Amino acid sequence: MTEGKREIVRSLLAEYDIKDAHDIQEALKDLLGSTIKEMMEAEMEDHLGYEKSERSDNDDYRNGYKSKTVKSSIGEVELEVPQDRKSTFEPQVVKKGQKDISDIDHKIISMYAKGMTTRQISDTIEDIYGFDVSEGFISDVTDKILPQIGEWQNRPLDDVYPVIYIDAIHYSVRDNGVIVKKAAYVILGLTMDGRKEVLSLAIGENESAKFWLNALNELKNRGVKDIMIICADGLTGIKEAITAAFPKTDYQRCMVHMVRNTLKYVASKDMKAFAADLKTIYNAASEDEGQKARDRVVEQWSAKYPNSMKRWIENWDVVVPIFKFSKDVRKIIYTTNAIKSLNSSYRKLNRQRSVFPSDQSLLKALYLATFEATKKWTQTIHNWGQAYGEMCIMYEGRLPD
């Protein structure tokens, strides 16, 4: 279970005073009823053309609520259906006379989570359920999760994370009428028990030390006191930010990205041999052996590809942390591949939508995609026991027993 899910469970226990399975079911019914009520409130806003807090010249207006009992996948649920003075409001989420909603529980949010656009969701609902809903209404419904995103982004975190990975996916976003490329940065941590947890999502135009210092300080403000290793690509300003925010933390450059960036300079006929030589560097038994392997590769290839090994020389200090550990442990900390499955879910959003209408729209999609992807995260990292043991020795006094 992720920390986010644990926090939700703790909140439910406190809010509903849950003592047994019956209490759990009653709590879920209440939550479902509240969710549908919010969706119908969005429908009412669309119907009247103005929000609750707004003034309007419309002679139709809200007129309280009417109770209605319906069947759902978790039993009978009591709904509060909003009414209007002229009785012209026809709710579509739960229609007049509809007594069973078990087939539409959370459908809109689920479709949005899978990367569908508001237009695609609107078309799908019309195809499946036979009623038309506007794209604006779909957007209003999904906007209801914005407070949840805020709570999730500010939830308390653990004191210590042995490893944190940072990676980025790029999207096209409309900003003040202009389509620009923006990066969505995911910060993923390994907890003390070896489980993956998405700590934060951030959307930014330009990387800088200031940007990353702000991101890392947010983690500190949410309770993170120490990080053993941060694994990331060569993000602009990340090294300086780590030194300022977590001066004891080792910054490990992602070896997979280092290799890819190096091979950009290499002709296809030489790639296999060059990649094999690079492997001798990060698979070396020690830092000294790794440096000797690096120098051999420089000597071997610099005449033909003079700029290819520049990054390995200039960034050697952020390559060497892996040499502290055994080869099995290196597989955990030397690459951001731990985010690979998550990034796969994020890339689906690019295939579904060529342009996001706003940063907020992108953040909603990323948040929901995150929870879709992390449902499958139930196991600890492979060989975590050994990795944790080595870290306890290497970072003596910084990891709890």
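Every value quoted in this text rests on a predicted model; they were computed, and no experiment measured them. What's counted below: heavy atoms across the whole structure, side chains too, no hydrogens, waters or symmetry copies.
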[X] side, atom [atom1]; [Y] side, atom [atom2] - distance, nearest 0.5 Å:
X	Y	atom1	atom2	result
K182	R174	NZ	CZ	12.5 Å
K225	K248	NZ	NZ	13.0 Å
R195	T374	CZ	OG1	13.0 Å
I227	D250	CD1	CG	11.5 Å
I242	I229	CD1	CD1	11.0 Å
L188	L342	CG	CG	6.5 Å

Quick one, [X] and [Y] - any side-chain contact, counting heavy atoms below 4.5 Å?
X	Y	value
V224	F246	yes
V186	L366	no
M255	R253	yes
V266	K304	no
K239	D317	yes
M309	I281	yes
M391	I333	yes
Y334	F325	no

Side-chain H-bond candidate by donor/acceptor type, T335 with Y165, under 3.5 Å: no
Short side-chain donor-acceptor distance under 3.5 Å, E41 and Y65: yes
Geometric class of the H47/F89 ring pair [parallel <30°, tilted 30-60°, perpendicular >60°]: tilted
Mutual orientation of the aromatic rings belonging to W316 and F323 [parallel < 30°, tilted 30-60°, perpendicular > 60°]: tilted
NZ/K66: more than 12 non-hydrogen atoms of other groups inside 6.0 Å: no
Which atoms form the tightest heavy-atom contact between [X] and [Y], and what is the distance?
X	Y	answer
S172	I179	CB-CG2, 4.0 Å
M40	E80	CE-O, 3.8 Å
A387	I332	CB-CD1, 3.6 Å
P91	E43	CA-OE1, 3.5 Å

Test ring pair (Phe, Tyr, Trp, His ring centres under 6.0 Å) applied to Y367 - qualifying residues, sequence neighbours left out: W152, F371
Sidechain N-carboxylate O distance under 4.0 Å for R296, E299: no
Note: D84-K86 ion pair, threshold 4.0 Å (strictly below): no
Using a 3.5 Å distance criterion without hydrogens, assess whether the side chain of [X] forms a donor-acceptor pair with backbone atoms of [Y].
X	Y	result
K68	Q98	yes
S87	Q83	no
Q153	L201	yes
W384	M192	yes
K220	A245	yes
E390	S326	yes
N221	N217	yes
E197	T191	no
R330	I322	yes
S361	F356	no

Audit row: D270, Y305, side-chain hydrogen bond (donor to acceptor under 3.5 Å, both in side chains) steps and yes/no: CA-CA 10 Å; D270 293 329; Y305 303 107; 2.5 Å; yes
Verdict with reasoning, T243 to Y251, per side-chain contact (heavy atoms from CB on, under 4.5 Å): CA-CA 9 Å; T243 300; Y251 169 34; over 6 Å; no
Test side-chain contact (heavy atoms from CB on, under 4.5 Å) applied to D167 and H257, step by step: CA-CA 11 Å; D167 206 357; H257 284 95; 4.2 Å; yes
CA sep, side-chain torsions, deciding dist, call: E45, R62, side-chain contact (heavy atoms from CB on, under 4.5 Å): CA-CA 9 Å; E45 289 174 5; R62 290 168 177 77; 3.1 Å; yes
Chi angles and distances behind the side-chain contact (heavy atoms from CB on, under 4.5 Å) call for F274, Q300: CA-CA 9 Å; F274 206 136; Q300 170 73 18; over 6 Å; no
